[in-house]
2 protein chains.
Amino acid sequence: MATGPVSPRAPQALDGEGQGRQPTAAGQAHARLKAMILDNLLPPGAQLLEGELALRLGLSRTPVREAMVRLEQEGLVAITPRHGMRVLPIAAADMREIYEVLTSLEPMAAELLARRPEPAAGLGRLEQACGAMEQALAAQDRPAWAEADEAFHLGLAELCGNRRLAGMVMQVWEQSHRARLFTLHQRPLPARSTAEHRRVLEAIAAGEPERAHALYRRHRRRSGAELISLIERSGVAWL
Amino acid sequence: MATGPVSPRAPQALDGEGQGRQPTAAGQAHARLKAMILDNLLPPGAQLLEGELALRLGLSRTPVREAMVRLEQEGLVAITPRHGMRVLPIAAADMREIYEVLTSLEPMAAELLARRPEPAAGLGRLEQACGAMEQALAAQDRPAWAEADEAFHLGLAELCGNRRLAGMVMQVWEQSHRARLFTLHQRPLPARSTAEHRRVLEAIAAGEPERAHALYRRHRRRSGAELISLIERSGVAWL
DNA sequence: GAATTCGTTTGCGTATGCATTGTTGGCAGT
DNA sequence: ACTGCCAACAATGCATACGCAAACGAATTC
């Protein structure tokens, strides 16, 4: 069920706006620019002027400017006074930061989920994602695996009941989107990660918060270290 | 050394802009509005229109609007289409979320700090904060204690070397600023918290990441639970 | 030949006007 | 008296205009 060769899923689903769509020009500009950045249509390092973007999006500078401010606060671009906005590249150091944050937050999400009164309820989404990962692994379909991986991680963050935590996970997830795409075709087939996801899910369903926390933490530490050394060894300074 | 009865410190120091500030009107509007919110000059629930704020700040609507967007993304206000911005109240549920996030992130910061090559170096700021806390505790000076507590936590986040983690800690710290101020005069003197901070600092200086992590986590879990039950028992629905 | 200075251009920060949309209050009908 | 509809108003989202400041280039001088 891989959607495409490069873009594993519609990036719109990444933002926190859910379903409540507003046709406001600023919101559209924000969504479109974010999608362009995540899809690598605006490559990292690209410098884009307000007026240029306004022309490209068929809007005036005002809503574009508001979108730029939002993107800057999301950590996707930097606004420098006379040079417009610059799409921020992701270096190995950034990936280290991001994985440290995820290593903190995601085990907490798993723990919270396992601590609910009915831990096994409402995990259908994660079950499905886990199954899709295993299936994609068997089929050696990396894009499909990445899509399922994303569904698992974002689903976990959203289900844990802590909106702030979910927002933070989504934010760094988006920031690292391009880097994950880059490493996707370089790393060995993620058999181990797939199995670890399954075991975390089992611990959650069994209502064992401490075990879910510990398992997830170990998974994140290992996979993060793996990914970072992969980026460092690949020799690219940034993505 | 308490600065004032209610506002323990200048809220400007809370934002992540450091020193390099430009006198742009939008930036000033953002800083001033944030300060007003954190100082409770704009009480939670307050509805403020663009034009009204522009008049109050002596600016036009455009920079005020940009400031509002930034504040919304920082989780301090909500913008509702025809009612201007509303200062978000903090409920017990929000404090639970915030303390869960801090329980994840801050132990990681301590761990990272303890993992550096020279763990004991550069801790002067934390030493100082810890000393100020002990001194304030002995003098039963709660505002001074709160100020030192803030210096310790934000100092730790900034020193850990992970800018994203530091930004997230600061963000939820700002969100919970008013609630902490509210509980400050209700809770018993934080003797236990003071001692726990000292022990965390010792573990960091000794270069024991795992112990620093565990100690900090336990501290956060306990003090968070204490604070939340205090808010819940106080009967106020929101702050 | 190189450096410095001045002028021009371009991008941006801010202000303001306009059109759209939502809300509220009043009036009428039941 | 209550409810529903309509109209007027107000706030906002967006476009555009204006002035300033910085950067680039060219020319002149040392």
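All chains are named by letter (A, B, ...) in the order of the sequence lines, taking the proteins before the strands, and each is independently numbered beginning at 1.
- Listed by chain and residue number, nothing satisfies the salt bridge (charged side-chain N to carboxylate O under 4.0 Å, His left out) test with A/Glu72 (two or more places apart in sequence, or in another chain).
- Taking the side chain of A/Ala26 as heavy atoms from C-beta on, and the options D/dC14, C/dG13, D/dG13, the nearest nucleotide is D/dC14.
- Between A/Gln47 atom CD and C/dC12 atom P the separation is 10 Å, expressed in whole Å.
- Look at B/Arg164 and A/Asp94 and you find a salt bridge, because one of the NZ, NE, NH1 or NH2 atoms lies within 4.0 Å of a carboxylate O, short of that distance.
- We find that NE2 of A/His30 is positioned 14 Å from P of D/dC14, with the value rounded to whole Å.
- The CG-P distance, from B/Leu49 to D/dG13, rounds to 11 Å in whole Å.
- Distance, A/Glu52 CD to C/dT10 C1': 13 Å, rounded to whole Å.
- With contacts defined as side-chain heavy-atom distances shorter than 4.5 Å, the pair A/Leu113/A/Leu123 qualifies.
- Looking at residues 57-66 of chain A, you'll see A/Arg61, A/Arg65 sit with a heavy atom under 4.0 Å from some atom of DNA chain C.
- Counting only distance, with no hydrogens or angles, the side chain of B/Arg142 and the backbone of B/Leu184 share a donor-acceptor pair below 3.5 Å.
- Straight-line distance from the CD atom of B/Glu50 to the C1' atom of C/dT16: 13 Å, rounded to whole Å.
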Might you list the N or O atoms of the protein lying below 3.5 Å from N or O atoms in nucleotides 19-23 of chain D, with each pair's distance?
| residue | atom | partner | partner atom | Å |
| --- | --- | --- | --- | --- |
| D/dA21 | N3 | A/Arg82 | NH2 | 2.6 |

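- A/Arg116 contributes a side-chain N or O that, together with a main-chain N or O of A/Ala121, makes up a donor-acceptor pair within less than 3.5 Å.
- A/Glu74 and A/Arg70 are not joined by a salt bridge, as no carboxylate oxygen comes within less than 4.0 angstrom of a charged side-chain nitrogen.
- Between the side chain of A/Arg86 and the backbone N or O of A/Ala78, no donor-acceptor pair lies under 3.5 Å.
- Rounded to whole angstrom, the span from the CG atom of B/Leu55 across to the P atom of D/dA10 amounts to 16 Å.
- Side-chain atoms of B/His153 and B/Glu106 form a donor-acceptor pair, as typed in the model, at a separation below 3.5 Å.
- Distance B/Glu72 CD to D/dT12 P: 13 Å, rounded to the nearest Å.
- There is no side-chain donor-acceptor pair under 3.5 Å between B/Arg187 and B/Thr183.
- Look at CD on A/Gln28: it is 11 Å from P on D/dA15, rounded to the nearest Å.
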